[in-house]
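Contents: one structure, followed by commentary.
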Amino acid sequence: MSKPGAAASSHHLIPARKQADYKTELFFIGQIVGGSDFPTDLDGLFVEASLKYGADNWQLFGGKDQVSGLQTHTAYCDDEGFFVWAHPFDFHFTCESVQGWPKLNLKVWRLDQYGKLDNIAYGVINLPNETGSFELECPTWRPMSGWREESYSYYLGGPPKLVNSDPIVRDLNQRRFLTSMSSGTVHIHCEVLMKAFRDVYISGDK
Amino acid sequence: MHFQQRVDDKETEQDRLDKLRIAGNHLNFNESDEKNSGFHVMVSGHIESGQINEYDGICAKFDFISGTEWSIIEGNRTGVSQHAYKSQQTNRRVVWNYPFEIAFKSMNVNGWPQIVLTLTNRDFLGRDQVCGYGTVHVPTQPGTHTRYINLFKPISSSLISQVLGWFNGKNAEYVSPTELLARNEGREITRVQSGGVAKVQFHVTMKNMDQFGIFPFKA
């Protein structure tokens, strides 16, 4: 955190921070806590999450975990139907534009008793845009098809899935052709810290 | 030129004093000393209680894990509580009331500290076995916070190891829970059983974060 404007002599008072010294940075520190209300009792569920943000103005720092997406362990539910994932994340962004604020794309996978893996729900949630501590709840859904696919998925597993994940957030126009079945909720706890947002007069930093 | 400089000098002096003024006090501390030494996060609190249905006589061990740029100035990174039994009254909770106090120093927000709880209890032969893990980040806003940590227990990868574990008094446990939960590496192939909630209360104080341009919202 070098400050090239600092003067050598102490009586020449120059402000400690200049506007150009700092880039606005955002820290999202939190956890994918767990999930509830999913339509499985005996099967294990895990979440695969990836970050989506404006590619040109935003830059994500971090290890391979954060760049390629994170995946939680497989959890079996407790008596009340709550699946605990407790997967901490720590995202560090530098941003030059407010457009393209990060979102988390979630995919919920199911591991059934025969060892089969299946993608059963999708969700997308915007990360908060003000400093503070937030409990986010991301409702999830899966695409639905005719009676044939639905009975197939009821008896054998393997619900209908999206061919590509564009309709989730990238190309929302495709959603008008979808029918979906609602699924459970993913609970995320996220705390946000902003750096140098006050200098550029963007709201959110209280 | 000289006149202009003097006017500018007065403004910056006033700006500097405005920035340093805290609730009407005029504190002239020498900020150039502390500028490059990082910000401090002081955490105190206690592991209050837990709501765990299947087990009794549970001992809670906590660990603070933080990124590589964080250093601990004061306090204990780990601690082990007493073995606590549930009361005979109606609220079937396990009370630990185990305080912790730790102070961190860092130059970078990455690697914000987390607390990892490992719960163990003794089986009928007196052998320690793990009955839950949980983790939560230390709150990033100063003030008092209560966090409810959802707990989970690893499941053995095969039936044989589960049966042998029952004989040996060792349930499936993580070799290094702090590493696993800090780095999340290799975690996606494990399976866990959810169950239980632990309540932890945090009191967080911060110092010098303003000079880094970060203004955490006071809770």
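Throughout, protein chains are lettered first and strands after them, A, B, ... in sequence-line order, and every chain is numbered starting at 1. Atoms considered below: every heavy atom in the structure, side chains included; atoms not considered: hydrogens, waters and symmetry mates.
- The part of B:I155 that comes within reach of chain A is its side chain, from C-beta onward, which places non-hydrogen atoms under 4.5 angstrom from that chain.
- Of the atoms belonging to B:Q114, it is side-chain heavy atoms, and not backbone ones, that fall under 4.5 Å from chain A.
- B:R77 and B:E101 are not joined by a salt bridge, as no carboxylate oxygen comes within less than 4.0 angstrom of a charged side-chain nitrogen.
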If you look only at distance, which donor and acceptor atoms sit under 3.5 Å apart when one is on a side chain in residues 78-86 of chain A and the other is two or more places apart or in another chain?
residue : atom : partner : partner atom : Å
A:D78   : OD1  : A:E80   : N            : 3.1
A:D78   : OD1  : A:G81   : N            : 3.3
A:D78   : OD1  : A:F82   : N            : 3.0
A:W85   : NE1  : A:L45   : O            : 2.8

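- A salt bridge is defined here as a Lys NZ or Arg NE, NH1 or NH2 lying under 4.0 Å from an Asp or Glu carboxylate O, and B:R147 with A:E135 fails to meet this definition.
- Contact annotation for A:S133: both backbone and side-chain heavy atoms come within less than 4.5 Å of a heavy atom of chain B.
- Under the salt bridge (Lys or Arg N to Asp or Glu O under 4.0 Å) criterion, B:R187 pairs with no residue, sequence neighbours left out.
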